[in-house]
Protein chains: 2
Amino acid sequence: MAEDDTRVTRAPSIRDVARIAGVSHQTVSRVLNNHPSIRVETKARVQRVMDDLQYRPNRAARVLVTSRSRTIGVVAYQAAHYGPASSILAIEQAARAEGYFVNTVNLEATDPESIGQALGHLLDQAVEGLVILAPQVRVFETFDELNLSVPFVTLQSAGASRNTLSVDQVTGARLATRHLIDLGHRHIHHLAGPQDWIEAEARMHGFLTEMSDRDLPATAPILGDWSADFGYHAGRELLRVRDFTAIFSANDQMALGFIHAVREAGLDVPRDVSIAGFDDIPEAAHFWPPLTTVRQDFPELGRRAVALLLGRLSDDDRPEVGLVPDLVVRGSTAPPPF
Amino acid sequence: MAEDDTRVTRAPSIRDVARIAGVSHQTVSRVLNNHPSIRVETKARVQRVMDDLQYRPNRAARVLVTSRSRTIGVVAYQAAHYGPASSILAIEQAARAEGYFVNTVNLEATDPESIGQALGHLLDQAVEGLVILAPQVRVFETFDELNLSVPFVTLQSAGASRNTLSVDQVTGARLATRHLIDLGHRHIHHLAGPQDWIEAEARMHGFLTEMSDRDLPATAPILGDWSADFGYHAGRELLRVRDFTAIFSANDQMALGFIHAVREAGLDVPRDVSIAGFDDIPEAAHFWPPLTTVRQDFPELGRRAVALLLGRLSDDDRPEVGLVPDLVVRGSTAPPPF
DNA sequence: ACCAGTCATGTGCACGGTCACATCGCGTTC
DNA sequence: GAACGCGATGTGACCGTGCACATGACTGGT
């Protein structure tokens, strides 16, 4: 019966606001985008109506006409770990503070097909920029080949290229290695990450460089998978020969597993074996013994990625310096037994 | 000069495809939404043109006209931790598999204003559903008061209401407590999580219930903040009196810190003190000693949340059963010293 | 042979914003 | 005092898609 009444209460549009405020829809649009030439009085009136109606601009309509989505995409891999999770969290917060939305895709695998699919998903969203947090060689290669029309920043990729941002892994690894050498260790093994991870490669490189600079023989690194499980099994293996006095592990989890193996063998850390890790996860300070490790600032990395991306988006390009990691010395390292 | 040429290469639209394929835009639309009545031949032709043009449907336009965003929002708090991070990851993957997008907002604080702001951000995106992963009493209260028009599922909220999904925390806590009691412990302290966290409350409740069922005196739980740091400091405090033989910690991190304190006091786990945790983070198996803990399946929780939400969205409601946690017995628990 | 029903396809409009351009009043310049 | 610039506002088209409805061809029952 009430024919002139809007049947299903539709969300108020810019025109509804305009009608009630007694202005044109364009004036409302101007208020929304705070255009300079609007009388304060008019602006206030429109604003009041918007508040009364609890008006919310329709993003889809806006995106449609401006073709700007104000969304950035994040491509992540194995992001349940502390490091990437912290970075992603920081990315979201930083982006939101700038009025951007974040859409994350978690890769299940790193083959080109999975990547293509993930990317398609993000492109459907018309993302304006991409942060890639899947630091594997093949992932980067795939992205390079894709010739994206969207600007992107890669994290943890250890390169020095323009669109890459990372903590200086090589320096971090050298810091840890140097620390062990300075303590008097001569036989140090490196528990590396998976071969195809860029960070793993960089840390390994740092380790090997430092060793050779100090004229120490470096045995072939053991290639692991980042997990505590692997560290444990590697430890059991290595302890059968025991031709080392110190271990530099490419992350804290593997270090933890290694310590487990050492203890299980009836040996002590750091009395019999010194161990240094990488990342400084919040738990590392409470390992037994507390772990000497290399700290990197994951949230800061995320924030910078957003700054770089948004800076780039607005053609306001400034070079970013690499983040420098810190060595945190705790109880897991000591001079070797003699 | 080339006047009929599209100047700035605009992305191809449904009409471009239509023109080239020699059909109407509506037919293309039908192909897109695979409408039943289309000749296979026509469909194939259109599809080919779409491929040639690398046509991608414009989501904004689609959202605008259908007012369905196919996006679900996630509200998270302290999501860098293993548990929530794993759930969120699983949510994203499950949602993507269903063609949905996920937009996560990470709360910086849990006051109503922060929540309102976060929610506004998500509503701007026209989310069709919400998963709330911020298991604090005040957060839920705020959401209840908000009277959302969007369906939402709360995770980790331990209630039995219709839109709540969680691992049965009370049962988990009782399992761990019972295990300690069965080993012969009589004086057990509970290291609880922050009072306003629903999970913390539930675990505490489970602990107290089990203790009283077995006619054992329960001392007031120590209210912590989930961190290993707190566990460590609590341990140092408690060990000065040492009126207990076992500890049930509300999460693995605090358990780790506690072990640290025990060791630092020159005591042994489990010889002098038994310790059980909660969550079974991947590192727990390699603590020293490996931690007895309660495992919960975070990814499964995330997947179910999506299923529940999408099921609800399509009015295809089926009740979900609570997830049951498992007790994983490792080396950190043993009979008490006598 | 006629009408109804279905299939395959086309036509025009609506969704809710923004953009380009038009309009109008008013102060300023020569 | 006519031309001009500029501030404040309005008008209509357009972004890319889906929906309601229309159309025409063909099928089948009577």
Side-chain angles (χ1 to χ4, degrees), chain A residues 6-47 49-50 53-71 99 101 123-126 128, chain B residues 6-47 49-50 53-71 99 101 123-126 128:
Chain A
T6 329
R7 42 228 79 186
V8 201
T9 36
R10 212 188 67 252
S13 83
I14 204 178
R15 286 171 223 265
D16 298 324
V17 175
R19 187 163 23 81
I20 298 177
V23 294
S24 75
H25 65 104
Q26 177 59 11
T27 299
V28 179
S29 172
R30 289 200 180 92
V31 172
L32 239 39
N33 300 285
N34 47 28
H35 188 92
S37 55
I38 282 213
R39 261 195 312 168
V40 277
E41 184 198 305
T42 311
K43 182 168 181 172
R45 183 152 38 99
V46 171
Q47 209 102 41
V49 176
M50 296 202 301
L53 261 51
Q54 294 192 281
Y55 167 77
R56 304 195 79 92
N58 183 317
R59 224 177 69 86
R62 200 175 254 180
V63 171
L64 178 59
V65 69
T66 58
S67 55
R68 298 209 52 200
S69 66
R70 295 210 140 239
T71 296
F101 294 86
L123 290 182
D124 281 347
Q125 279 278 40
E128 291 179 27
Chain B
T6 329
R7 43 226 81 188
V8 200
T9 37
R10 214 187 65 251
S13 83
I14 205 180
R15 294 188 146 88
D16 298 323
V17 175
R19 187 163 24 81
I20 298 177
V23 295
S24 75
H25 68 101
Q26 178 57 12
T27 299
V28 178
S29 173
R30 290 202 179 90
V31 172
L32 239 39
N33 300 286
N34 45 30
H35 187 91
S37 55
I38 281 211
R39 259 195 311 169
V40 278
E41 184 197 304
T42 311
K43 183 168 181 173
R45 185 154 37 100
V46 171
Q47 210 103 41
V49 176
M50 297 202 300
L53 260 51
Q54 295 193 283
Y55 166 78
R56 302 196 80 92
N58 183 316
R59 224 177 69 87
R62 205 175 246 185
V63 171
L64 177 59
V65 70
T66 59
S67 54
R68 298 210 50 198
S69 66
R70 296 210 138 238
T71 296
F101 294 85
L123 290 182
D124 281 347
Q125 279 277 40
E128 291 179 26

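Labels below follow one simple rule: chain letters A, B, ... track the order of the sequence lines, proteins then strands, and each chain is numbered from 1.
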- Would you say Ser29(B)'s side chain and His25(B)'s backbone share a donor-acceptor pair under 3.5 angstrom? no
Closest to the side chain of Ser37(B), out of dG16(C), dT9(C), dG12(D), is dT9(C)
* **Test: Glu128(A) and Arg68(A) ion pair at under 4.0 Å** => yes
Side chains of Pro57(B) and Ile14(B) in contact at under 4.5 Å (non-hydrogen atoms): no
Atom CE of Met50(B) and atom P of dT17(D) are separated, to the nearest Å, by 11 Å
Exercise. Leu32(A) versus Met50(A): any side-chain heavy-atom pair under 4.5 Å?
Worked result: yes
dG16(C) base to Arg10(A) side chain: any donor-acceptor pair below 3.5 Å?
no
Testing dT17(D), dT18(C), dG10(D) for proximity to the side chain of Asn33(A), the answer is dT18(C)
Ranking dT18(C), dG10(C), dG16(D) by distance to the side chain of Val65(A), first place goes to dT18(C)
Ile14(B) atom CD1 is separated from dC19(D) atom P, nearest whole Å, by 11 Å
OP1 or OP2 of dC15(C) versus the side-chain N and O atoms of Ser13(A): is any pair under 4.0 Å? no
Closest to the side chain of Arg15(B), out of dA13(D), dT11(C), dG16(D), is dG16(D)
Exercise for the section: Under 4.0 Å between any heavy atoms, over every strand shown, what does Ile38(A) touch: base, sugar-phosphate, or nothing? Just pick one. Expected result: sugar-phosphate
Between Ser29(A) and dT18(C), is there a side-chain N or O to OP1/OP2 distance below 4.0 Å?
yes
Item checked: Residue pair Arg59(B) / Phe101(B), side-chain heavy-atom distance below 4.5 Å -> yes
His25(B) atom NE2 is separated from dC15(D) atom C1', nearest whole Å, by 14 Å
query = Does OP1 or OP2 of dT9(C) have a side-chain N or O of Thr42(B) closer than 4.0 Å?
reply = yes
> Counting any heavy atom closer than 4.0 Å, what does Val23(B) reach on the DNA or RNA strands: base, sugar-phosphate only, or nothing?
Replying inline: sugar-phosphate
Rounded to whole Å, NE2 of His35(B) lies from C1' of dC19(D) at a distance of 11 Å
The nucleotide from dT18(C), dT9(D), dA8(C) with an atom nearest the side chain of Arg30(A) is dT9(D)
From CG of Asp124(B) across to C1' of dG16(C) the rounded distance in Å is 14 Å
Rounded to whole Å, the CZ-C1' distance (Arg45(A) to dT9(D)) equals 11 Å
Check your understanding: Under 3.5 Å, is there a donor-acceptor pair between the side chain of Asn33(A) and the main chain of His35(A)?
Key -> no
Whole-Å distance, Asp16(B) CG to dC15(D) C1', equals 12 Å
Testing dT17(D), dG10(C), dT18(C) for proximity to the side chain of Arg62(B), the answer is dT17(D)
Separation of dC19(C) atom C1' from Leu32(A) atom CG, nearest Å, is 15 Å
Hey, is the side chain of Asn58(A) poking within less than 4.0 Å of OP1 or OP2 on dC15(C), counting only N and O atoms? no
Side-chain donor or acceptor of Arg39(B) under 3.5 Å from a matching atom on the base of dT9(C)?
no
